[in-house]
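Reading through the structure tokens given below for one structure.
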Amino acid sequence: MLVVMQEGAAEAQIQAVIDRLVGAGFTVHRSTGVLHTVLGGVGPVENFDPADFEVMDGVKETHRIVSPYKIASRHFKPGGTLIRLGSVEIGGSHVVTMAGPCSVENEDQIERAAEIVARAGAQIIRGGAFKPRSSPYSFQGLGEEGLRIMRKAADRHGLFVISEVMDQTQIPLLVEYADILQIGARNMQNFNLLRKLGEIRKPVLLKRGIAATIEEVLLSAEYILSGGNYEVILCERGIRTFETATRNTMDISAIPVLKRLTHLPVVADPSHGTGKRDYVLPMARAAAAGADGLLVEVHHDPDHAVSDGAQTLRPEQFQEMMSQVRAIAKAIGRSA
Ligand code: PEP
Ligand code: MN
């Protein structure tokens with residue numbers, strides 16, 4: 001149930017609606033927009049009549065929400081969610097690039113990565129310190145040491161940091177060192193982890209699971225949002241299909257579909273989306289289908305990267321990608 005307040009509704013009118021929603025058994029999530037305040041009532045309340053709320057003072061309209069996700073719905077925040085990291089805005093007209101190696105390997109590597117990322121004009125460095133590898137014998141990440149050296153390199157180059165959190169016990173470390181916590185595709189339905197991330201107050205980037213529908217992605221986001229953490233970014237990173245020419249099938253159409261269904265920013269990951277570096281640039285261009293940002297793997301020497309080398313861009317390819325993405329963004333009234 002959504003209650004949209006009239007333009008300029010008084011605080012007392014808003015409070016009266018909140019009180020009535022709470023009295024009816026709803027948990028209320030408030031979105032205060034520039035013009036309208038929207039109140040989202042969530043809960044297993046069946047016996048209510050939206051008309052009772054529609055006639056209250058200061059109410060513009062009410063909507064009974066039929067989709068299984070509520071706070072993630074575009075209706076909840078029609079103007080879209082803007083996530084701010086200093087002067088960087090994710091979800092606005094600027095296409096934000098998050099780039100760096102698949103894994104944090106050592107201090108020299110991450111320093112070089114930060115330099116490549118900053119020089120190309122990207123704002124956020126990525127790198128996994130905790131790695132969800134398909135094999136237990138593959139490199140599992142440097143852990144806290146990896147986070148520490150990435151933070152240091154990022155600060156030296158004026159970058160923000162995104163890194164993956166694999167389970168609840170790692171949340172305090174990630175909160176300490178990173179600016180955005182990434183949930184990997186394999187953890188998209190780790191509901192205990194999602195709930196815990198609803199309790200923090202830092203942005204979370206939620207990757208689409210390898211076999212997840214768009215509705216399932218939105219329901220996973222709803223777990224985080226319903227905990228009170230409203231800063232969720234969604235990421236299309238390819239899904240598993242019958243196709244074997246690419247590592248995954250990058251679902252470009254998911255981008256405009258998500259932009260219609262939800263107010264949350266949407267980012268595209270053409271590296272995991274394709275698995276091959278030659279396809280990263282064309283798919284980064286295709287992400288102009290509406291993505292608010294890109295998540296891309298780049299390394300000073302991808303042939304010797306400890307993970308995902310085949311899909312990792314060389315520095316000059318990353319530069320070229322950035323300049324093409326910038327040109328496309330300009331053509332569609334955005335910047336990059
Ligand atoms: C990654 O970003 O390096 C990663 C492991 O991604 P995904 O969860 O999409 O496989
Ligand atoms: Mn990777």
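Note that ligands are numbered from 1 as they come in the structure, with each ligand's atoms numbered from 1 the same way.
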Practice problem: Would you check the N or O atoms of Lys207, main chain and side chain alike, for any that come under 3.5 Å of an N or O of ligand 1? | Solution: yes
Quiz item: ring pair (Phe, Tyr, Trp, His ring centres under 6.0 Å): which pairs involve residues 58-104, sequence neighbours left out?
Solution: His63-His75
Self-check item: ligand 1 atoms in contact with Glu164 (distance to a heavy atom under 4.0 Å)
Solution: 5 (C)
Quiz prompt | Nearest neighbour in protein (non-hydrogen) for atom 3 (O) of ligand 1 | solution = Arg126 NH2, 2.8 Å
Quiz item: Have Gln324 and Arg285 got a donor and an acceptor in their side chains that come within less than 3.5 Å?
Solution: yes
Quiz prompt | Cluster link Leu294 to Ile90, ILVMFWY, side chain under 4.5 Å | solution = no
Quiz prompt | Residue from Arg240, Arg208, Arg237 passing salt bridge (charged side-chain N to carboxylate O under 4.0 Å, His left out) with Asp251 | solution = Arg208
Practice problem: Would you mind running through ligand 1 and noting each atom that sits below 4.0 Å from a heavy atom of Gly184? | Solution: 8 (O)
Practice problem: Please confirm whether Arg186 comes within less than 3.5 Å of ligand 1 when only nitrogen or oxygen atoms on both sides are compared. | Solution: yes
Quiz item: Does ligand 1 have an atom under 4.0 Å from some heavy atom of Cys102?
Solution: yes
Quiz prompt | Protein contact of atom 8 (O) of ligand 1 - nearest heavy atom, named by residue and atom, plus distance | solution = Ala185 N, 2.7 Å
Practice problem: Go through ligand 1 atom by atom and flag the ones less than 4.0 Å from a non-hydrogen atom of Glu297. | Solution: 3 (O)
Quiz item: Tyr279 and Ala245: which non-hydrogen atoms are nearest, and at how many Å?
Solution: CE1-O, 4.4 Å
Exercise. Let me know which of Lys152, Arg151, Arg156, Arg112 forms a salt bridge (charged side-chain N to carboxylate O under 4.0 Å, His left out) with Glu107.
Key: Lys152
Practice problem: Answer yes if Met98 and Met322 sit in the same cluster of Ile, Leu, Val, Met, Phe, Trp and Tyr residues linked by side chain heavy atoms under 4.5 Å apart, and no otherwise. | Solution: no
Exercise. Determine, using the 4.5 Å side-chain heavy-atom cutoff (strictly less than), whether Val175 and Tyr177 are members of one ILVMFWY cluster.
Key: yes
Quiz item: Can you name the one residue among Cys102, Ser103, Pro101 that meets side chain to side chain contact (heavy atoms under 4.5 Å, CB included) with Val306?
Solution: Ser103
Exercise. Take every heavy atom of Lys131, measure it against each atom of ligand 1, and state whether any distance is under 4.0 Å.
Key: yes
Exercise. Give the minimum heavy-atom separation between Gly228 and Arg201, together with the two atoms involved.
Key: O-CZ, 3.3 Å
Exercise. Could you check atom 4 (C) of ligand 1 against the protein and tell me its nearest heavy-atom contact, residue, atom and distance included?
Key: His272 NE2, 3.4 Å
Exercise. Anything protein N/O/S under 2.8 Å from the Mn ion (ligand 2)? Just list residue and atom, please.
Key: Cys102 SG, His272 NE2, Glu297 OE2, Asp308 OD2
Quiz item: Hey, what do you get for NZ (Lys259) to CG (Leu264), rounding to the nearest 0.5 Å?
Solution: 8.5 Å
